[in-house]
2 protein chains.
Amino acid sequence: MTYHAAAFAALADPTRRQVFERLSAGPAPVGELARGLPVSRPAVSQHLKVLKEAGLVNDRAEGTRRVYQIDPKGLGALRAWLDQFWAVALDAYAAEVERQSNEQDDE
Amino acid sequence: MTYHAAAFAALADPTRRQVFERLSAGPAPVGELARGLPVSRPAVSQHLKVLKEAGLVNDRAEGTRRVYQIDPKGLGALRAWLDQFWAVALDAYAAEVERQSNEQDDE
DNA sequence: CTCATCCGTAAGTCATGACTTATCGTTAGT
DNA sequence: ACTAACGATAAGTCATGACTTACGGATGAG
């Protein structure tokens, strides 16, 4: 459940986000992913490895191809972390706005 | 709306996540933030600059202190991006499970 | 008007990581 | 069995960025 750290690091890279966004449209083999990107196929392989270790994608063998698809696990961990802070952040923000309107009373 | 890129990059760093998590408990000046971390105060300043440019925090002057607080803007952009892919990812995943159960028909 | 405190910026160092080309294993077709 | 296609890994290069210390600017206290 500490997946969110790896997921953040993985999605921080623009190329990896492109790969991920492409995969959200459906499963694809490595070569096809590389064809739509300005980097070499080994680079895509390395990116996919990072995404996989972050729980963001799965892979399955299909003949000589290796098909990757999105894994909801990593995305879920990210969402959980975000939601946890979303509520708190809004509360803190609201409290701050409140504090500012009472400013003359405090000081 | 392209804030999510900067937000991902900002929260990819563990130290910056710590700063952000600390701020979710309420506003704090730079010195106090640095006191709870294993890095120097200038380092914290640099991290706060990155968080600010990502729309994740605000700052306001308070005497000689500079108080930082969470800004919901960046977190909101992140959430929007995530939600956009959350539904699609689940759909793709469900479609894939479906495809696998029909495997013998296709081949 | 000092003087101390708080903070940001400058400059430099060092590790990390995003890419490349080269190589190897595996699978499919002839 | 040979060859070609696909992909992962190895090794090396180069840029980025996370830190440090040193310094300068602003504010508040005496």
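Because the structure is a prediction, the values reported are computed rather than measured. So that the names make sense, note that chain A is the first sequence line, chain B the second, and so on, each numbered from 1.
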*Asks:* Rounded to whole Å, how long is the line connecting atom CZ of A:R60 with atom C1' of D:dG7?
*Replies:*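 My rounded result for the distance is 16 Å.
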
*Asks:* Got a salt bridge between B:D71 and B:K52, using NZ or NE/NH1/NH2 to carboxylate O under 4.0 Å?
*Replies:* no

*Asks:* Among B:L11, B:T15, B:L48, which residue satisfies the side chain to side chain contact (heavy atoms under 4.5 Å, CB included) criterion with B:F20?
*Replies:*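 With B:F20 as partner, B:L11, B:T15, B:L48 yield a single side chain to side chain contact (heavy atoms under 4.5 Å, CB included), made by B:L11.
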
*Asks:* Same cluster or not: B:V50 versus B:V44, using hydrophobic residues (I, L, V, M, F, W, Y) connected whenever any side-chain heavy atoms lie under 4.5 Å apart?
*Replies:*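 No.
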
*Asks:* Atom CG of A:L33 and atom P of D:dA8: how far apart are they, to the nearest Å?
*Replies:*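 Rounded to whole Å, this separation is 10 Å.
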
*Asks:* Are B:Y3 and B:W81 an aromatic pair, judged by ring center distance below 6.0 Å?
*Replies:*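 Not under 6.0 Å, so no.
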
*Asks:* OP1 or OP2 of D:dA8 sitting under 4.0 Å from any side-chain N/O of A:Y68?
*Replies:* yes

*Asks:* Side-chain polar contacts of residues 28-40 of chain B - donor-acceptor pairs under 3.5 angstrom, sequence neighbours left out - could you list them?
*Replies:*
unit_1: B:E32; atom_1: OE2; unit_2: B:R22; atom_2: NH2; d: 2.6
unit_1: B:S40; atom_1: OG; unit_2: B:A43; atom_2: N; d: 3.4

*Asks:* Taking N or O atoms only and anything under 3.5 Å, show me the protein contacts with nucleotides 11-18 of chain D, one pair per line.
*Replies:*
unit_1: D:dA18; atom_1: OP2; unit_2: B:R16; atom_2: NH1; d: 2.7
unit_1: D:dA18; atom_1: OP2; unit_2: B:R16; atom_2: NH2; d: 3.2

*Asks:* Which heavy atom in B:S24 sits nearest to a heavy atom in A:F85, and how many Å separate them?
*Replies:*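 What the structure gives for the nearest pair is OG-CE2, 3.4 Å.
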
*Asks:* Starting at CZ of B:R65 and ending at P of D:dG28, how long is that distance when rounded to a whole Å?
*Replies:* 11 Å

*Asks:* Across nucleotides 22-30 of chain C, 5' to 3', mark each nucleotide with B, S or - according to how protein heavy atoms within less than 4.0 Å reach it.
*Replies:* B----SS--

*Asks:* Atom CZ of B:R66 to atom P of D:dT27: distance rounded to whole Å?
*Replies:*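 It is 10 Å, rounded to the nearest whole Å.
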
*Asks:* Pick the closest DNA chain D nucleotide for B:A43 and for A:E32 by heavy atoms, then say which residue is nearer the 5' end.
*Replies:* A:E32

*Asks:* Quick check on side chain to side chain donor-acceptor pair (under 3.5 Å): which of A:R65, A:R66, A:R60 does A:E62 satisfy it with?
*Replies:* A:R60

*Asks:* For the pair made of CG in A:L51 and P in D:dA8, what is the distance, rounded to whole Å?
*Replies:* 12 Å

*Asks:* State, to 0.1 Å, how close B:A7 and B:G74 come at their nearest heavy-atom pair, and which atoms those are.
*Replies:* CB-O, 4.3 Å

